[in-house]
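Chain A is the first sequence line, chain B the second, and so forth, proteins listed ahead of strands; every chain is numbered from 1. The structure presented is a predicted model; accordingly, all values stated were derived computationally and were not measured. These values consider heavy atoms only, across backbone and side chains, with no hydrogens, waters or symmetry-generated copies.
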Amino acid sequence: MSESPTHRHFIQQIIDSDLAAGRRTSVVTRFPPEPNGYLHVGHAKSICLNFGLALEFQGRCHLRMDDTNPAKEETEYVESIKEDVRWLGFDWGEHYYQASDYFARMHADAVRLIRLGKAYVCFLSQDQIREFHGDEKRAGKASPTRDATVEENLAAFEKMTRGEYDEGKAVLRAKIDMASPNMHLRDPVIYRIRKTSHHNTGDQWCVYPMYDYAHPLEDAYESVTHSICTLEFEVHRPFYDWLLSALGFEGRPQQIEFARLNLTYTVMSKRRLLELVQEGRVSGWDDPRMPTISGMRRRGYTPAALRKFCETVGVTKHNSLSDVALLEHAVRDDLNRTSPRFMAVLDPVRLVIENYPEGQTEELQAVNNPEDPAAGTRKVPFSRTLLIERADFLENADKKFFRLTPGQEVRLRWGYFVKCTGCRKDAAGNVTEVTCTYDPATRGGDAPDGRKVKGTIHWVSEAHAGDVEARLYDRLFAHEDLNHLPEGKDWRDLLNPASLNAVRAKVEPALLAVSPGTRVQFERTGYFCADAKDSKPEQPVFNRTVTLKDSWAKQAGK
RNA sequence: AGUCCGAUGGUGUAAUGGCAGCACAGGAGAUUCUGAUUCUCCUUGUCUAGGUUCGAAUCCUAGUCGGACUACCA
């Protein structure tokens, strides 16, 4: 538990008090993504918040596609969003909605607004609108048609709707206050002309509502009670309230803003993620290095780990930059309990047991998961010639090195004690083979005489080993805070050139049979997931989710 | 520059006028058939200055710093 069990974040407190005071009798939230990209871990925070609140208060949470801009949205994204929300473990039940389903109703409300004298058609060009808008110091100037009659506006909006104007020739604006210190209240544009086919409504419409106009209405139509969004919409709230009040909605939704998630060594904007994909810097939205939910799923992250992480970072109103170590901790913690162990050698060197009979093979019993007795055991083939990690042998080592070095005895995991006798090298001085002798009495890994070894290393039998691709991932960026770039650098300059290192690994035979998507631990090296896309039968490709903590590497680095 | 929002260890957060706590990270040690896990202990914090109060992280004022906004994007 990262917080005391009684802790309530500020949104829970708002809801508590709404319920206690009788202002609300139920809780309805919504997660409203625009289908113009894949969901990322920042969205996961919002999903957990909104669906979590609904669960906690026995209300409901709607999944709503905020598809008001036909130029940017695609069905591919709609499908991926649904999949990601489900995968995270949430269920919207019957409550799937699309902003585009409300276009007729929104249009009718725009007509109402005009009749109320609270909206008008403006024929200024985009540049003129900007110019008339004023700035912090100067009040804006009224559009020439600001005081047109209701009839004139109705007629003009009708012509807009019928497509009689070209794109950009006219917009519908709310009539509020051109002198407001809040720019969003200086007669914001609420409808624009777009003669583009919409992924859902096709060519039915050529006028489309703007976010500021559409969003409060969507919430109101669905009887949303608490409309939770990110901090940058704080300035939009007065318009949100103005609109619903102007149109006379009862029991209006309340907009509440919270701080979006930022992660070290990670970009979190859809625009940047899209660029990484389009520029081919990653293999796609689901590249395992991407902070997208689909990328993290492929990388081996679990829904539980993501949910736990979202709980850990909390919900506040101030911007922060969460350490990616928090995320890594969440996934290690989950995977440690749940993933079966296997032996895999990522950087192999041969180990020959000189006193083990040539040609002999035996099967040793290995425990699948020490954290979970129910996971059972498996057999691992053993023979005279093994493969071990190159880093587990050192010709000249100090006393702190617990692995193979001439004269030192170590345990082969689930196997025997072996004592290092030396090594052979090639002409260049590279170690080609490590040699040792074994103690037959230590079969299974324990010495009858009670003697201890300091180190245990993993291994595979060379003749029995499978050969697979292992993709060793590291952080995508080499810079900590991508919202603050070093002088003169583009964010792309900060990509980590070593974010992917694909190696051929030698693995115990049981590993060849795992199905795509399976998460395992490679003992002593890390958690891996059989890639869901590139794995073939008997030929899995493993993605490293995260390394195991390595206090030896830390020590040795000192 | 204006308006709005925010500020608690290295990081993320709790304490809602009454002992500044938790997690991560870092350090030391114990345990261990993974130098993992687990366990124990430790380092480190209320932006500044005033005020209110018996008592302030909390309330007030001013300042400082950070963020958002000035799209026919969401």
J.: Would you mind reading off the distance between Met65(A) atom CE and C73(B) atom P, rounded to a whole angstrom?
T.: 21 Å

J.: May I ask you to evaluate whether Ser322(A) reaches the phosphate of U11(B), defined as a side-chain N or O under 4.0 Å from OP1 or OP2?
T.: no

J.: Using atom types as modelled and distance alone, determine if a side-chain donor or acceptor of Arg186(A) lies under 3.5 Å from a backbone N or O of Asp135(A).
T.: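 Confirmed, Arg186(A) side chain pairs with Asp135(A) backbone.
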
J.: Ignoring backbone atoms, test whether Ser180(A) places a side-chain nitrogen or oxygen under 4.0 Å from the OP1 or OP2 oxygen of U3(B).
T.: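 It does not, given that no N or O in the side chain of Ser180(A) lies less than 4.0 Å from OP1 or OP2 of U3(B).
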
J.: Just checking Phe233(A): base, sugar-phosphate only, or nothing, at a heavy-atom cut-off of under 4.0 Å?
T.: base

J.: Taking the nucleotide of RNA chain B with the nearest heavy atom to each, does Lys452(A) or Thr68(A) sit closer to the 5' end?
T.: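 Checking each residue's closest nucleotide, the 5'-ward one belongs to Lys452(A).
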
J.: U34(B) phosphate, OP1 or OP2: any side-chain N/O from Arg411(A) under 4.0 angstrom?
T.: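 No, outside the criterion.
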
J.: Can you see if the side chain of Arg341(A) gets near the phosphate of U37(B) - specifically, an N or O under 4.0 Å from OP1 or OP2?
T.: no

J.: Report the nucleotide, chosen from A68(B), G26(B), G35(B), that has the shortest atom-to-atom distance to any side-chain atom of Lys554(A).
T.: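 Nearest listed nucleotide: G26(B).
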
J.: Compute the centroid of each ring, for Trp491(A) and then for His479(A), and state whether the two points are separated by less than 6.0 Å.
T.: no

J.: Please tell me if Ser551(A) has a side-chain N or O lying less than 4.0 Å from either OP1 or OP2 of A36(B).
T.: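 So the side chain of Ser551(A) is within the cut-off, an N or O lying under 4.0 Å from OP1 or OP2 of A36(B).
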
J.: OP1, OP2 of U13(B) versus side-chain N and O of His318(A): anything below 4.0 Å?
T.: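 Checking His318(A) against U13(B): at least one side-chain N or O falls below 4.0 Å of OP1 or OP2.
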
J.: Establish, with yes or no, whether the OP1 or OP2 oxygen of A14(B) is under 4.0 angstrom from a side-chain nitrogen or oxygen of His7(A).
T.: yes

J.: Using the C1' atom as the point on both nucleotides, what is the distance between A57(B) and C69(B), in whole Å?
T.: 29 Å

J.: With respect to the phosphate group of G67(B), does any side-chain polar atom (N or O) of Lys317(A) fall under 4.0 Å of OP1 or OP2?
T.: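 No, outside the criterion.
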
J.: If I pick the P atom on G10(B) and the same atom on U44(B), what distance separates them, to the nearest angstrom?
T.: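 10 Å, rounded to whole Å.
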
J.: Distance check: side-chain N/O of Thr264(A) vs OP1/OP2 of U11(B), anything under 4.0 Å?
T.: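 So the side chain of Thr264(A) is outside the cut-off, no N or O lying under 4.0 Å from OP1 or OP2 of U11(B).
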
J.: Relative to the 5' end of RNA chain B, which residue comes earlier, Gln126(A) or Lys137(A), by the nucleotide with the nearest heavy atom?
T.: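 Upstream on the strand: Lys137(A).
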
J.: Think Arg186(A) has a side-chain N or O under 4.0 angstrom from the OP1 or OP2 of A71(B)?
T.: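 Answer no for this pair, as no side-chain N or O of Arg186(A) is under 4.0 Å from OP1 or OP2.
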
J.: Taking the six-membered ring for Trp, is the centroid-to-centroid distance between Trp414(A) and Phe382(A) below 6.0 Å?
T.: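 Ring-ring flag for Trp414(A)/Phe382(A): false, centres at least 6.0 Å apart.
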
J.: Report which part of the nucleic acid Arg237(A) touches: base, sugar-phosphate, or nothing (heavy-atom distance under 4.0 Å, all strands).
T.: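 Contact class for Arg237(A): none.
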
J.: Please tell me whether Gln255(A) and Glu234(A) have a donor and an acceptor in their side chains that are separated by less than 3.5 angstrom.
T.: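 Their side chains do not contain a donor-acceptor pair, so the 3.5 Å distance test is not met.
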
J.: Find out whether the Lys NZ or Arg CZ of Arg64(A) is both under 6.0 angstrom from the six-membered ring centre of Tyr97(A) and within 45° of the ring's axis.
T.: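 Pair Arg64(A)/Tyr97(A) does not count as cation-pi.
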
J.: Report yes or no: is the ring centroid of Tyr211(A) under 5.5 Å from the six-membered base ring centroid of A74(B), with the two planes under 30 degrees?
T.: no

J.: With rounding to the closest Å, how many angstrom separate the C1' atoms on U53(B) and G9(B)?
T.: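 Comparing C1' positions in U53(B) and G9(B) gives a spacing of 28 Å.
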
J.: Would you measure the distance from the C1' atom in C39(B) across to the matching atom in U31(B) and give it in whole Å?
T.: 8 Å

J.: Testing Tyr191(A), Phe103(A), Tyr213(A) one by one against Tyr208(A) for a ring-ring contact (aromatic ring centres under 6.0 Å, His included), which residue passes?
T.: Phe103(A)

J.: Any side-chain heavy atom of Arg451(A) within less than 4.5 Å of one from Glu409(A)?
T.: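 Sidechains of Glu409(A) and Arg451(A): in contact.
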
J.: For nucleotides G66(B) and U48(B), find the distance between their C1' atoms and express it as a whole number of Å.
T.: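 My reading of the C1' atoms in G66(B) and U48(B) gives 15 Å.
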
J.: For C24(B), does either OP1 or OP2 sit under 4.0 Å from a side-chain N or O belonging to His329(A)?
T.: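 Answer yes for this pair, as a side-chain N or O of His329(A) is under 4.0 Å from OP1 or OP2.
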
J.: Quick check on Lys317(A): does its NZ atom have over 12 non-hydrogen neighbours (other residues, nucleotides or ligands) under 6.0 Å away?
T.: yes

J.: Say you pick atom C1' in G67(B) and the same atom in C42(B); how far apart are they, in whole Å?
T.: 36 Å

J.: By the 4.0 Å heavy-atom rule, please label Asn36(A) as base, sugar-phosphate, or nothing.
T.: nothing

J.: Just to confirm, is there a sub-4.0 Å distance from OP1 or OP2 of A36(B) to any side-chain nitrogen or oxygen of Arg332(A)?
T.: no

J.: For RNA chain B, list all stems, counting runs of three or more consecutive pairs where every pair is Watson-Crick or G-U wobble with both distances under 3.5 Å.
T.: B:2-7 with B:64-69, B:10-13 with B:21-24, B:26-30 with B:38-42, B:47-51 with B:59-63

J.: Does His484(A) place a side-chain N or O at less than 4.0 Å from the phosphate oxygens OP1/OP2 of G67(B)?
T.: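 His484(A) to G67(B) OP1/OP2: side-chain N or O found under 4.0 Å.
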
J.: Roughly how far apart, to the nearest Å, are A36(B) and G45(B) at atom C1'?
T.: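 My reading of the C1' atoms in A36(B) and G45(B) gives 31 Å.
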
J.: Identify whether any heavy atom of Asn319(A) sits under 4.0 Å from a base atom; if not, whether one sits that close to sugar-phosphate; answer base, sugar-phosphate or nothing.
T.: sugar-phosphate

J.: Under the 3.5 Å rule, do the base of G35(B) and the side chain of Arg524(A) count as making a donor-acceptor pair?
T.: no

J.: Quick check for you: among C5(B), A15(B), A74(B), whose closest atom lies nearest to any side-chain atom of Glu234(A)?
T.: C5(B)

J.: Classify Thr316(A) by what it touches in the nucleic acid, base, sugar-phosphate, or nothing, heavy-atom distance under 4.0 Å.
T.: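 It contacts sugar-phosphate atoms only.
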
J.: Taking the P atom of each, how far is C65(B) from A1(B), in whole Å?
T.: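 Roughly 10 Å separates the two P atoms.
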
J.: Looking at Phe401(A) versus Trp552(A), is the centre-to-centre ring distance below 6.0 Å?
T.: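 Yes, ring centres under 6.0 Å apart.
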
J.: Would one find a side-chain N or O of Lys549(A) under 4.0 angstrom from OP1 or OP2 of U37(B)?
T.: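 The answer is yes; a side-chain N or O of Lys549(A) sits under 4.0 Å from OP1 or OP2.
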
J.: From OH of Tyr213(A) over to C1' of C72(B), roughly how many Å is that when rounded to an integer?
T.: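 So the two atoms are 16 Å apart, to the nearest Å.
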
J.: Contact class for Leu124(A) vs. all strands (heavy atom < 4.0 Å): base, sugar-phosphate, or nothing?
T.: base

